[in-house]
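Right, one structure below, let's go through it.
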Amino acid sequence: MFLEYGHAALSPISFPLLVITLCWASWWLWKFTIRPKLWPQDPRPLPYWLPWVGSAIAFFRDSYSVINSGIPEHLVREPFTLTLGGEEIYVITEPKDVAEVYKNNNSLSFDVFISDLMLSCGATAETVDKMNRAPPPYPSGSSTSGLNPGNKSLIRLAIDFHHFQLLQGPKSHADEITDTFLRHIDKFLQWDILSEDGLLPASRTAESMQVSLLKLCGRVLIEAGTRTYWGKLLWELEPDMLSSFYELDRGIWKILFQYPKVFSQEVLAVRDNITETLARYYRLPKEIRQDAAWFTKSMETESREAGLDENEMAAAIMIIYFVINGNTYKLCFWALCYILSDPSLFTSICTELNRQNRTTPPTIAHLTNHCPLLNSTLSEVLRLYTSSASMRYIVTDTPIGKYMLRAGRKIMIPYRQLHENTAVWGSDALVFDSKRFLDNKSLKWSTSYRPFGGGATLCAGRFVAMQEVLSFIGLVLHRYDLELVKGPDGTSQEFPRVDSMKPTFGMMGPIEGNDYMVKVMKR
Ligand code: HEM
């Protein structure tokens with residue numbers, strides 16, 4: 001049967017198709033042509049084909065290219081709107097706008113993301129509610145420990161505790177945590193520990209071993225971070241802590257972006273396993289866990305006072321376990337990839353370290369103040385390999401530049417797009433240049449350089465992190481001769497390729513299987 005329209009006849013399939021096409025064309029015209037003209041104060045939408053879905057599918061495949069497609073070349077970088085599964089997110093990449101967003105703590109907030117992060121990491125709505133209450137649900141109305149005189153919510157208190165633990169100031173515990181970190185790095189970089197590790201050396205003799213560079217960095221820094229914050233018992237509770245961390249690190253973006261559960265089963269299982277290990281840790285008698293960091297012990301005290309049980313504490317702290325350990329080992333890995341693959345960079349850094357003549361390892365003061373090329377190399381690695389984004393929730397309508405950002409939506413500041421802005425970094429913005437920050441010292445303070453984020457959420461661990469990294473690189477170069485292993489026919493290994501397609505929370509890792517095999521020799 002055919003429907004007749006004048007002289008033309010449409011099949012039963014063509015008619016609904018025609019209606020759908022017309023509806024879709026009207027929607028497209030309205031959304032991307034008429035509406036932006038009627039409301040010029042709204043950032044323009046990034047075009048997409050499927051209503052509601054928006055750019056979600058492309059974003060999960062390659063978030064970097066999707067965001068890049070919204071940035072015009074050689075023009076002012078206007079904010080634009082990205083649609084991901086029904087949610088509209090403003091993307092800001094113009095340095096002036098970025099600075100304005102970071103300064104605004106009144107109408108732009110991060111709190112909602114902390115709750116979301118905890119929910120994604122397995123905390124229940126009830127736990128998140130307890131952590132958001134001010135004062136927390138203390139049975140007596142206030143804390144008896146004296147740790148929360150302002151009766152702040154546990155979430156706010158955790159932010160204060162991070163700052164006391166990691167930054168210098170009147171109530172600071174930063175020196176003690178730095179000392180613990182550095183002591184662990186020193187210990188785990190000792191020959192006996194590295195060479196005896198069942199998983200690390202691919203092969204070894206009495207004087208040398210071959211190892212994966214990525215695993216060397218991870219083995220030392222992830223164990224150091226875990227032991228610094230939770231003492232020795234957490235690490236010892238679970239023999240597979242390191243492998244679990246790597247799996248979490250690879251897949252955590254799926255958890256945090258709430259990727260469909262059916263495609264996230266493996267990483268969800270790893271998350272639950274780590275949370276269970278943390279819960280077991282908190283069930284151990286407190287007296288045998290006194291080697292934990294001040295932050296960990298204080299958070300536990302306050303959480304227990306507010307009625308959280310071990311499972312709740314574990315789920316709430318999971319994200320911290322990731323934040324502490326997820327970035328520094330990758331910074332060391334990429335920096336050493338460049339140092340070991342470039343003989344002239346290697347020689348210059350060794351000269352800075354005075355490697356030839358010194359008998360004791362370089363001190364932090366020497367590494368910080370007398371190694372400008374090493375520090376410039378690290379800054380450049382941070383520029384090219386951080387792929388995080390700062391997020392803000394808009395509480396009330398907020399003007400940014402000539403645009404009005406609407407309440408209830410989110411703002412994203414993607415670091416890679418700031419760090420690759422040719423207007424700021426020059427036409428070689430995508431090229432690694434170990435001397436870039438040495439030749440132009442002001443770049444480190446550029447509003448387009450944000451490897452540690454900015455504003456209220458600026459990484460509290462940035463100083464401790466840099467000391468960890470300097471100490472690791474200083475020690476490994478002082479203690480060992482390192483050489484990139486050659487193939488059987490004398491060929492050099494290819495420089496590891498970065499896994500830049502996935503949305504990341506911090507530093508990008510190499511594509512799976514990309515690594516450097518290194519010969520480590522006693523000096
Ligand atoms: C190379 C290493 C690191 C990088 C690149 C890095 C980067 C970041 C970034 C991008 C943020 C979020 C900023 C934002 O949303 O605006 C952040 C937050 C944070 N980082 Fe780091 N981080 C590193 C190492 C560390 C370490 C070693 C620690 C702790 C020992 C740490 C503790 C934190 C904390 C506590 C926050 C939350 C800030 C707050 O809410 O006060 N980070 N970090």
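Just so you know, ligand 1 is whichever comes first in the structure, and atom 1 is the first atom listed for that ligand.
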- Looking at Y516, F333, F495, which one forms a ring-ring contact (aromatic ring centres under 6.0 Å, His included) with Y338? F495
If I apply the N/O under 3.5 Å rule, does [X] come out as touching ligand 1?
| X | value |
| --- | --- |
| T457 | yes |
| E468 | no |
| T386 | no |

- Query: Do T93 and P414 have side chains that get closer than 4.5 Å, going by heavy atoms?
  - Reply: yes
- Is there a side-chain contact between V476 and L336 (heavy atoms, below 4.5 Å)?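 Touching, per the 4.5 Å side-chain cut-off.
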- Message: Restricting to non-hydrogen atoms, name the atom on P510 and the atom on W334 that form the minimum distance, rounded to 0.1 Å.
- Response: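 Residues P510 and W334, closest heavy atoms: N-CZ2, 3.6 Å.
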- Query: How about atom 37 (C) of ligand 1: does it have a protein heavy atom within less than 4.0 Å?
  - Reply: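 Flag for atom 37 (C) of ligand 1 set to false, no protein heavy atom closer than 4.0 Å.
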- Task: Give the residue and atom name of whichever protein heavy atom lies nearest to atom 2 (C) of ligand 1, and the separation in Å to one decimal.
- Result: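 Result for atom 2 (C) of ligand 1: N327 CB, 3.3 Å.
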- Note on the structure: protein heavy-atom neighbour closest to atom 25 (C) of ligand 1 works out as C459 SG, 3.8 Å
- Query: Ignoring hydrogens and geometry, is there a side-chain-to-backbone donor-acceptor pair from T386 to P451 under 3.5 Å?
  - Reply: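 No, T386 side chain to P451 backbone: no donor-acceptor pair under 3.5 Å.
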- What class does the angle between the rings of F295 and Y229 fall in, given that below 30° is parallel, 30 to 60° is tilted and above 60° is perpendicular?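 It falls in the perpendicular class, over 60°.
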- Query: According to the interplanar angle, ranging from 0 to 90°, do the rings of F245 and F322 count as parallel (below 30°), tilted (30 to 60°) or perpendicular (above 60°)?
  - Reply: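 Parallel, since the angle between the ring planes stays under 30°.
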Looking at ligand 1, is there an atom of it that comes within less than 4.0 Å of some heavy atom belonging to [X]?
| X | result |
| --- | --- |
| F505 | no |
| V464 | no |
| G506 | no |
| M391 | no |

- Task: Determine whether the side chain, the backbone, both or neither of L166 has a heavy atom under 4.0 Å from any heavy atom of ligand 1.
- Result: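 It is the side chain that touches ligand 1; the backbone stays farther off.
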- Message: Heavy-atom pairs closer than 4.0 Å: do any link ligand 1 to the side chain of H163, the backbone, both, or neither?
- Response: side chain
- Message: We want to know whether S376 and S379 form a side-chain donor-acceptor pair, criterion being a heavy-atom distance below 3.5 angstrom.
- Response: no
- Message: Looking at non-hydrogen atoms alone, which of V381, T328, V323 comes nearest to atom 33 (C) of ligand 1?
- Response: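 Heavy atom nearest to atom 33 (C) of ligand 1 belongs to V323.
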